[in-house]
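Some notes on the structure that comes next.
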Amino acid sequence: MSEDFSVVVVGSCMTDLVSQAPRFPKAGETIHGHRFFIGFGGKGANQCVQAARMGAKTAMVCKVGRDVFGNDYIQNFKNNGISTAYVEQTEKAATGAASIIVNDTGENAIVIVAGANLLLGQEELQRAQSAIISANVLVCQLEISPDASLQALKMARDNHVKTIFNPAPAIAYMDSDFYKASDVFCCNESEAEMLTGLSVTSVEDANQVGLELLNKGCASVIVTLGSQGCVVCQSTNKTPKHIPTIEVTAADTTGAGDSFIGALAFYMAHYPTIPLEEMARRANLVAAVSVQTVGTQTSFPFRKDLPTELF
Ligand code: RIB
């Protein structure tokens, strides 16, 4: 018998190796950066950490290497109150790593080497099954094998667990079952472009791609738009709704989408009756806090730091 968790994330852990530099280098160019630091990242783990910091009872289903980064990551989950009952270690691959450059306007460019994340498969999901099927919300992304993500989503859906799928990083040929297995399909502009072939440079474009993605079979779609907030489309009401956000000065946007999704998972699990648009409005505000400080998880707010109107 497993404990019941409100939010379970099946996904990735990465050690973030972050260089802050005035701008991104061109191909073949070397430039000076002004700061380097190592942090905890990976889209799955980031989303789980944000949900936990909002107050969700969380479990992470993931695989790290049997190495110093993997050991440190397990301690990081414990420090954030996240269950590590389904965090496994392997000797066959290193803990995932992300090389990140953040420029002076807070934008980022990321290369991931997923390593141990890609060894999370059917056997690990079977061991975590009781937690997945009894959760309120399951969250998946694409930094682990797509087969494992899809299997987890289907396992949850078959057991009436609400699902959030974040197709990040986007892949050109994605199994169409991902759409059908998503209660909320949440992507950013570039992921939406990759999946639909339509460019997204405005709220109107996001409305259009949102509807296009909705027509592929998701119950609802959220397209995040950075400083412009997000667009929400639902199959129950096919009119896209733009949810703007507050204006802030961005120091580092790395992980802002993960902060949004972690907060959304918290709201879906703990306030299931509020409208999705309102959940998205609140998640926008949580993500807006995260961009104002450098770092990924280090910038994610705790419940005590957020306005009470968000709860
Ligand atoms: O979404 C941000 C995350 O993407 C980083 O933490 C990095 O690890 C990559 O997975």
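All ligand and atom numbering here is 1-based and tracks the order in the structure.
- Counted by atom type alone, Asn71 and Gln89 present one or more donor-acceptor pairs between their side chains at under 3.5 Å.
- Taking both residues in full, the closest heavy atoms of Val294 and Ala251 are given as CG2-CB, 4.1 Å, listed atom of the first, atom of the second, then distance.
- Here the protein heavy atom with the shortest distance to atom 5 (C) of ligand 1 is Asp16 OD2, 3.5 Å.
- A donor and an acceptor atom, one from each side chain of Asn136 and His270, are nowhere located under 3.5 Å apart.
- For atom 4 (O) of ligand 1, the nearest non-hydrogen atom of the protein is Lys43 NZ, 3.1 Å.
- For Ala98 against Ile110, the heavy-atom pair with the smallest separation is CB-CG2, 4.1 Å.
- Between the side chains of Ser134 and Asp4, at least one donor N or O sits under 3.5 Å from an acceptor N or O.
- Contact between Gly42 and ligand 1 is present, with at least one heavy atom of the residue lying under 4.0 Å from the ligand.
- The contact set between ligand 1 and Asn46, taken as ligand atoms under 4.0 Å from a residue heavy atom, comprises 2 (C), 3 (C), 5 (C), 6 (O).
- The atoms of ligand 1 that sit less than 4.0 Å from any heavy atom of Glu143 are 4 (O), 9 (C), 10 (O).
- Listed by number with element, the atoms of ligand 1 under 4.0 Å from a non-hydrogen atom of Ala98 are 7 (C), 8 (O).
- For the pair Thr254 and ligand 1, the shortest N or O to N or O distance does not fall below 3.5 Å.
- Interface atoms of ligand 1 facing Asp258, defined by a heavy-atom separation under 4.0 Å, are 1 (O), 2 (C), 3 (C).
- Less than 4.0 angstrom separates some heavy atom of Ile110 from each of these atoms of ligand 1: 4 (O).
- When only modelled atom types and interatomic distance are considered, Gln297 and Asn76 share a side-chain donor-acceptor pair under 3.5 Å.
- Residue-level proximity to ligand 1 for Met14 is carried by the side chain, the only part with a heavy atom below 4.0 angstrom.
- Looking only at atom types and distance, the side chain of Ser12 has a donor-acceptor partner in the side chain of Glu143 under 3.5 Å away.
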